Amino acid sequence: MTRSVDLRGADNLDWTLLRETSSHRYWLAFLPDGRQVIKSEFLADEQLVEDNRRSYNESEGKKWGDGQVVGRIPLNVLYSSQHQIMEKLKEGDRDHIKWWLNSEAALPYRTFKGRI
């Protein structure tokens, strides 16, 4: 069974590397109450951001069209409580993703210029 756990202060936990793949690292820590927590770390952020920047710059002067890819967002960012993207989508707030994609914070994940 999966449960949500408040991990404020997670940086103070003793994380042990469980497994590493070409794109992720998986870490394990024990909470003070004995429960275990696993976190994943996406390793390809730099390459994704560079690919996005290239696509973004190449979109100069191009027109919007149906099915236009406007960004590529890694799952760790999509599910991050800092950005609240998935939380807002689950609540039915479709405008939040548009607002976020137009924000400065989303620029590394944009692949096409212009306002959404």
Side-chain angles (χ1 to χ4, degrees):
M1 174 162 89
T2 304
R3 271 185 252 171
S4 293
V5 177
D6 183 359
L7 288 178
R8 283 177 278 197
D11 293 335
N12 297 328
L13 295 175
D14 186 20
W15 293 97
T16 303
L17 182 63
L18 278 178
R19 184 170 65 127
E20 186 169 358
T21 67
S22 60
S23 62
H24 289 82
R25 282 191 194 116
Y26 299 93
W27 301 85
L28 171 72
F30 289 91
L31 298 174
D33 64 6
R35 291 183 293 165
Q36 299 177 15
V37 206
I38 296 175
K39 74 174 177 176
S40 60
E41 176 184 9
F42 184 63
L43 300 176
D45 267 343
E46 289 179 22
Q47 185 62 49
L48 176 72
V49 169
E50 180 58 36
D51 291 346
N52 286 351
R53 183 180 305 119
R54 190 178 318 96
S55 295
Y56 185 83
N57 291 335
E58 289 171 359
S59 73
E60 183 72 44
K62 293 184 180 176
K63 299 202 182 271
W64 284 94
D66 287 343
Q68 182 68 49
V69 176
V70 298
R72 290 189 300 255
I73 307 168
L75 289 175
N76 62 315
V77 173
L78 191 66
Y79 283 91
S80 164
S81 59
Q82 176 186 358
H83 302 296
Q84 297 183 325
I85 300 167
M86 284 308 294
E87 293 164 30
K88 295 291 186 177
L89 285 173
K90 286 178 185 176
E91 294 170 1
D93 185 352
R94 293 243 178 261
D95 292 330
H96 181 77
I97 187 77
K98 291 177 188 176
W99 171 83
W100 186 80
L101 283 167
N102 286 319
S103 75
E104 185 81 20
L107 193 54
Y109 309 109
R110 291 288 305 269
T111 58
F112 204 84
K113 292 184 177 188
R115 284 196 53 80
I116 298 173

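Small disclaimer: the values here were computed from a predicted structure and weren't measured.
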Quiz item: Can you find a pair of side-chain heavy atoms, one from H83 and one from I73, that are under 4.5 Å apart?
Solution: no
Quiz item: Shared ILVMFWY cluster between W99 and V70, side chains joined below 4.5 angstrom?
Solution: yes
Quiz item: Counting distance only, does the side-chain N/O of S59 pair as donor-acceptor with the main-chain N or O of Y56 below 3.5 Å?
Solution: yes
Self-check item: Spatial distance of atom CD (E50) from atom CD (Q47) [nearest 0.5 Å]
Solution: 7.0 Å
Quiz item: How would you list, by chain and number, every residue that makes a ring pair (Phe, Tyr, Trp, His ring centres under 6.0 Å) with F30, sequence neighbours excluded?
Solution: none
Quiz item: Would you say the side-chain atoms of N102 pair up with the backbone N or O of R115, donor to acceptor, closer than 3.5 Å?
Solution: no
Quiz item: Is there a donor-acceptor contact under 3.5 Å from the side chain of T111 to the main chain of V69?
Solution: yes
Quiz item: What distance do W15 atom CH2 and E41 atom CD have between them, rounded to the nearest 0.5 Å?
Solution: 11.0 Å
Listing, residues 84-91 side-chain donor-acceptor contacts under 3.5 Å, not counting sequence neighbours, or none:
none

Quiz item: Under 4.5 Å between side-chain heavy atoms, hopping through other hydrophobics if needed: is there a path connecting I116 to L107?
Solution: no
Practice problem: Can you measure from CD (E58) to CZ (F112) and round to the nearest 0.5 angstrom? | Solution: 11.5 Å
Practice problem: Take atom OH of Y26 as the centre, draw a 6.0 Å sphere, and report whether it contains more than 12 heavy atoms from other residues, nucleotides or ligands. | Solution: yes
Quiz item: What is the distance from atom OG of S55 to atom NZ of K62, rounded to the nearest 0.5 Å?
Solution: 8.5 Å
Self-check item: Atom pair CG (D93) and CH2 (W100), whose distance is rounded to the nearest 0.5 Å
Solution: 14.5 Å
Quiz item: Do you reckon L43 sits in the same ILVMFWY cluster as V77, going by side-chain contacts under 4.5 Å, direct or chained?
Solution: no
Quiz item: Quick check: does any side chain N or O of R110 sit under 3.5 Å from a backbone N or O of L101, one acting as donor and the other as acceptor?
Solution: yes
Quiz prompt | Euclidean distance, W27 CH2 relative to I38 CD1, rounded to 0.5 Å | solution = 13.0 Å
Quiz item: Under 6.0 Å from the CG atom of D66, do we count more than 12 heavy atoms belonging to anything else shown?
Solution: no
Quiz item: Hey, is the main chain of R19 close enough, under 3.5 Å, to the side chain of H24 for a donor-acceptor pair?
Solution: no
